[in-house]
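Inspection log for the structure reproduced underneath, given as structure tokens.
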Amino acid sequence: MTTTRQDCLARDAADPLRELRDLFDLPEGTIYLDGNSLGVMPRATPQRVAQVVQDEWGRDLIKSWNTAGWIHLPQRVGDKIAQLVGAGPGELVVADSTSVNLFKVLTAALRITDEDAPERNVIVSERSNFPTDLYIAEGLARSQGYELVLVEPDEIAAHLNERLAVLMLTQVNYRTGRVHDMAALTAAAHRAGALVVWDLCHSAGAIPVDLTGADADFAVGCGYKYLNGGPGAPAFVWAHPRHAGRFWQPLSGWMGHAEPFEFTPEYRPATGITRYLCGTPPVISLAALECGVDTLLAAQPLGGLAALRRKSIALTELFIELVESRCQGHGLSLASPRDAGIRGSQVCFAHESGGYAMVQALIARGVIGDFRAPDVLRFGFTPLYTSHADVWDAVEHFVQVLEKEEWREARFNQRAAVT
Ligand SMILES: *Cc1c(COP(=O)(O)O)cnc(C)c1O
């Protein structure tokens, strides 16, 4: 017996996290399955941003660096994110973009291994890692004389050897949603004498993460996905305290200086993670990001990330069950792990047509997922604001798109700039 819509409504009524949906402004008639790409706007954000713009900037002007605490925002929001990823207070800051932060931590990790073991000259990553991660690593490898080796997930273990300097992985794969075992891989890389850089873009706010427990070395992650920080929200960067003070990071800007307002001509790095700041913080974006992070902290009294993870698994299991039973015979195949234990908060299906037009036809019906080249339809499930009934309704639309062959219409087959 497949699950009915009535069953879904009953599950929603019994959902301990259901009230969290009220923290968000979900547009009427939209089922949003793309929180893994751009999180929904929290209800608190417009007012907070207006306050920053009108009162703190408009009225109080430059005094707000002190009076409104603008200067401490990278650390203040960083401490909140730290709670979501198993880092301690004062260990994580918000700055720049994920791409830029990767450049900083990968450079630092390479310098540490170079000091301890100069013969190590290989960076290993996954071929299906998010492209910007690979491009940053490729650029660094070229400029600093390293070899970047790209492997499949099951080949990683074979590359943990005496040539490895840094293993750079994204914990949850952006396309398939497959989750790496952070603790096990970190331990294995350490046994081989290498360091590990973790990208948490699809982990932070999506699954429980324990950087300290995993004894990780460095981590970066994104503010605009599951952290609901808004388009282009700044990213975060963490270094284990044993590494944070060891090197200048390569972008030694004044906000990472020990005393930026002494305006000395020489750089003297701040202690700890503060040195991973570079230039002036984006205050308005940081205020919006804080509202987004607060929606996740609002789940703490309701069980926090463990409860969010339970609901996320229930939603992704439901979506797989309903698509596989109700969309049978249309050539869709599951492209995410079937085992929920190694699947993030998303589900992907592959289709031989590519799937782009199917995603467009779904969007026209108000079901927003996305397409990832070459052939993946990707659906993210954010337990903060997605209900079981949303999942049922999304699949009902999917059935219509397939059975009426709506996706074959020409208008759904025009590629836009952003997919
Ligand atoms: C989203 C994402 C990024 C984005 O990087 P930006 O610098 O914000 O463009 C990087 N890496 C991964 C794994 C991502 O999922």
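Counting starts at 1 for both ligands and their atoms, in listed order. Residues: numbered from 1 along the sequence shown.
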Q | Test item: side-chain donor near acceptor, Thr274 and Gln75, under 3.5 Å | A | yes
Q) What are the two closest non-hydrogen atoms of Leu277 and Ala95, and how far apart are they? A) CD2-CB, 3.8 Å
Q: Please confirm whether the backbone N or O of Ala270 pairs with a side-chain atom of Arg275, one donor and one acceptor, at under 3.5 Å?
A: yes
Q | With His330 via side chain to side chain donor-acceptor pair (under 3.5 Å) - residues at least two apart | A | none
Q: Would you please name every residue forming a side chain to side chain donor-acceptor pair (under 3.5 Å) with Tyr385, sequence neighbours left out?
A: Thr382
Can I get a per-line list of side-chain donor-acceptor pairs under 3.5 Å for residues 37-46, giving both atom names and the distance, sequence neighbours left out?
from: Arg43; atom 1: NE; to: Asp22; atom 2: O; distance (Å): 2.9
from: Arg43; atom 1: NH1; to: Asp25; atom 2: OD1; distance (Å): 3.3
from: Arg43; atom 1: NH2; to: Phe24; atom 2: O; distance (Å): 3.4
from: Thr45; atom 1: OG1; to: Pro42; atom 2: O; distance (Å): 3.4

Q. Got the residues with a heavy atom under 4.0 Å of ligand 1, by chain and number?
A. Ser97, Thr98, Ser99, Phe130, Thr132, Asp133, Thr170, Asp199, Cys201, His202, Tyr224, Lys225
